[in-house]
Amino acid sequence: MQDKRCATAEEVALLRERVARVEGGHDHLRDGLDTLSRQFSDLRRDLTQAVGENSARTRHEIMTRVDEMSRGAQSRDAEVSDRLARIEGGIRLANWVTLTCITLATGLLGWAQLGDTVWAFCRSLTRLSS
């Protein structure tokens, strides 16, 4: 059997010093972990804010470009519509002029034929009377 031995005051002081160092190390580690946790939280917040700002700016730029493209397309559509309207108006005018010319020509030809017929009739009457 072994005899029970009591620690000396120096050994107890040394043991207390070691325990205090270990507790100090734990406190230091806990403080370091708290600091890291705060830093990660700040980093996450900053990254989230930066991503939000970038996405808002990108969304705004895209919508601006889409609006510009839409305005350009509407402008081209209006220009094409105006051109088509002018062409359609020109075609209508050409059709009206053509129809008018045909009607006048037909009328003149009809009157010419009527005049020729009357002239021929009058000549045949004058031949008969002579």
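Computed from a prediction, not measured in an experiment: that's the story for all the values here.
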Please list every donor-acceptor pair under 3.5 Å in which a side-chain atom of residues 71-78 meets a protein atom from a residue at least two apart or in another chain.
none

Query raised in the report: In Å and rounded to the nearest 0.5 Å, what is the CG to CD1 distance from Asp82 to Ile87?
Result: 11.0 Å

Requested in this report: Find the distance between CG (Asp34) and CG (Asp27) and round it off to the nearest 0.5 Å.
Outcome: 10.5 Å

Query raised in the report: What pairs with Arg21 under salt bridge (charged side-chain N to carboxylate O under 4.0 Å, His left out), at least two apart in sequence or on another chain?
Result: Glu17

Query raised in the report: Can you tell me how far the CD atom of Gln49 sits from the CG atom of Asn54, to the nearest 0.5 Å?
Result: 10.5 Å

Report task. Please assess Glu53 against Arg57 for the test salt bridge (charged side-chain N to carboxylate O under 4.0 Å, His left out), listing each intermediate value before the final yes or no. Result -> CA-CA 6 Å; Glu53 290 171 355; Arg57 186 172 37 253; 5.6 Å; no

Query raised in the report: Atom CG in Asp67, atom CD1 in Ile62: separation rounded to 0.5 Å?
Result: 12.0 Å

Report summary line: salt bridge (charged side-chain N to carboxylate O under 4.0 Å, His left out) pairs touching residues 36-52, sequence neighbours excluded, are Asp42-Arg45

**Report entry** Over 12 foreign heavy atoms within 6.0 Å of CD, Glu61
**Finding:** yes

Query raised in the report: Which distance, rounded to the nearest 0.5 Å, do you find between the NE2 of His60 and the CZ of Arg65?
Result: 11.0 Å

Requested in this report: Drop me the distance from Ser81's OG to Arg86's CZ, to the nearest 0.5 angstrom.
Outcome: 10.5 Å

Query raised in the report: Counting only N and O atoms by type, is there a donor-acceptor contact under 3.5 Å from the side chain of Ser37 to the main-chain atoms of Leu33?
Result: no

Query raised in the report: Considering the options Leu99, Val97, Thr103, which one meets the side-chain contact (heavy atoms from CB on, under 4.5 Å) requirement together with Cys101?
Result: Val97

Query raised in the report: So, Ser124 side chain and Phe121 main chain: donor-acceptor pair closer than 3.5 Å or not?
Result: yes

